[in-house]
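Since the structure comes first, as structure tokens, the remarks are kept for the end.
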Amino acid sequence: MCDLSTELLDWYDLHARAMPWRTPPAEKQAGVRPDPYRIWLSEVMLQQTTVAAVTEYFNRFTKRWPTVSALAAADDADVMGEWAGLGYYARARNLLKCARAIVADHGGIFPADHAALLKLPGIGPYTAAAISSIAFDLRHVVVDGNVERVMARLYNVHTPLPAAKPELTTLAEALTPNSRPGDYAQAVMDLGATLCTPKSPACGICPWRMPCLARQAGTAQDLPKKTPKKPKPVRHGTVYLARRSDGAWLLETRPDKGLLGGMLGWPGSDWVDVADNRPAGMPPIEAQWSPLAGEVRHTFTHFHLILTVLHADTDNTPTQGTFVPREAFRPSDLPTVFRKAFDLIANPPH
DNA sequence: CAACCGTGGGA
DNA sequence: TTCCCAAGGTT
């Protein structure tokens, strides 16, 4: 009755954060069941992404596609466009694959089965456990960055990540209660997100301040240890913004594989590590190109990019890409790096 | 197992 | 400015 999980659940009952996809603990205990579609969608969006960034995307997605069946029936380009700006675009491609698999293979109903969930595209160990526990109250243990940090501190584990993950997973599993596993999973993550934060943890008001070994040892601030990251190289490239006299823009849908796969973008050169003689590639259409003032600087997961932006007005026939009518072009459909290139025209630097 | 895969906010 | 990091998955 006074074990660690009970103390944390008591804290969660008082301090649970409100989120559009979350069923508050009081409602849940009154019998309200979470919608597995909304739990799945939110969990995929939350992969490596902050709650603040996800919230507006989640609200737009669920308004436009209220059910997994509606999402499964959507056009690929609409889903990719709606995801634009959120990053990690393989998630959006797998989101559609998963929605269509749910309809085709599971009758449009998410399976209340951890092993079955794990087989679906874009659902890995974390997300399968999150859906199992949060949506279906099955006893599965989520291990995300929050859980890793909280466990490393609670048990004063100094092994660096990612090597420490198996050990931290074992510790997290041992703590998980048989009752309310879904609320418990969310409670540990809320604790990590609000009190047991990476920097300056609020140990003084933490429900686990007494049993926490790292707080006793004075090492909480320094945990978890992480293996150092590799430096990001700088790459260079060129993009071509061609405008037809009727206002249409020349764009292309990128191939499904690789960086920004499946997304709308400007035609351009490869992005290479050579600092001087910047790659120009082959223009996608014959025109009189002129460089825009300024350049696009953007940082991806594993490299920095500096992009030269060329612009031309032309009514020639493109050898690459497709003209998108002015009224059909939404800059918000572009991933951020390409929206920045468009911004050089729409809002020129002073 | 390590590399690849985005973005924006905060320190 | 630069670095870190956020409810990871796939290959």
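Predicted model only: the values in this text are computed from it and were never measured. So that the names make sense, note that chain A is the first sequence line, chain B the second, and so on, each numbered from 1.
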Next item on the list: Check every strand shown and say whether A:P335 touches a base, only sugar-phosphate, or nothing at a heavy-atom separation below 4.0 Å.
Entry: sugar-phosphate
Notebook entry, point to check: In whole angstrom, what separates A:M45's CE from B:dG8's P?
Noted result: 15 Å
Item checked: Same-atom distance (P) from C:dG9 to B:dG8, integer angstrom -> 22 Å
Check: Relative to the 5' end of DNA chain B, which residue comes earlier, A:P162 or A:F303, by the nucleotide with the nearest heavy atom?
Finding: A:P162
Next item on the list: Could you state the atom-to-atom distance from CZ of A:R297 to C1' of B:dT7 in whole Å?
Entry: 18 Å
Next item on the list: State which residue, out of A:L307, A:I306, A:D273, fulfils the side chain to side chain contact (heavy atoms under 4.5 Å, CB included) condition with A:R235.
Entry: A:D273
Checklist line | Side-chain N or O of A:H298 closer than 4.0 Å to phosphate OP1/OP2 of B:dT7 | finding: yes
Next item on the list: Find out whether the Lys NZ or Arg CZ of A:R60 is both under 6.0 angstrom from the six-membered ring centre of A:Y57 and within 45° of the ring's axis.
Entry: yes
Margin query: Using atom P in both nucleotides, what's the gap between B:dG10 and C:dA7 to the nearest angstrom?
Written below: 15 Å
Checklist line | Validation row, ring centre A:F300 to ring centre A:H302 under 6.0 Å | finding: no
Next item on the list: Output yes when at least one side-chain N/O atom of A:H302 is less than 4.0 Å from OP1 or OP2 of B:dA3, else no.
Entry: no
Next item on the list: Starting at atom CG of A:L86, determine the distance to atom P of B:dG6, rounded to an integer number of angstrom.
Entry: 11 Å
Checklist line | Residues which pass side-chain hydrogen bond (donor to acceptor under 3.5 Å, both in side chains) with A:T299, listed by chain and number, not counting sequence neighbours | finding: A:H304
Item checked: Nearest-angstrom distance from the residue atom CZ of A:F338 to C1' of B:dG6 -> 13 Å
Margin query: Looking at A:T336, I'd like to know whether one of its side-chain N or O atoms comes within less than 4.0 Å of OP1 or OP2 on B:dG6.
Written below: no
Next item on the list: Identify, residue by residue, the members of residues 167-184 of chain A with a heavy atom below 4.0 Å from DNA chain B, and return them in order of residue number, or none.
Entry: none
Item checked: Side chain A:T50, main chain A:A53, donor-acceptor under 3.5 Å -> yes
Next item on the list: Go along nucleotides 1-11 of chain C 5' to 3' and tag each nucleotide: B for a protein heavy atom under 4.0 Å from its base, S when only backbone or sugar atoms are that close, - otherwise.
Entry: ----SBBBSS-
Margin query: With a 4.0 Å cut-off on N to O distance, would you call A:R33 and A:D137 a salt bridge?
Written below: yes
Notebook entry, point to check: Going by heavy atoms in the side chains, are A:W21 and A:V51 under 4.5 Å from each other?
Noted result: yes
Notebook entry, point to check: Rounded to the nearest Å, what distance is computed from the CZ atom of residue A:R93 to the P atom of nucleotide B:dC4?
Noted result: 16 Å
Margin query: Strictly distance-based, threshold 3.5 Å: is any side-chain N or O of A:D190 a donor or acceptor partner for the main-chain N or O of A:Y12?
Written below: no
Notebook entry, point to check: Is there a donor-acceptor pair under 3.5 Å between the side chain of A:W40 and the backbone N or O of A:I131?
Noted result: no
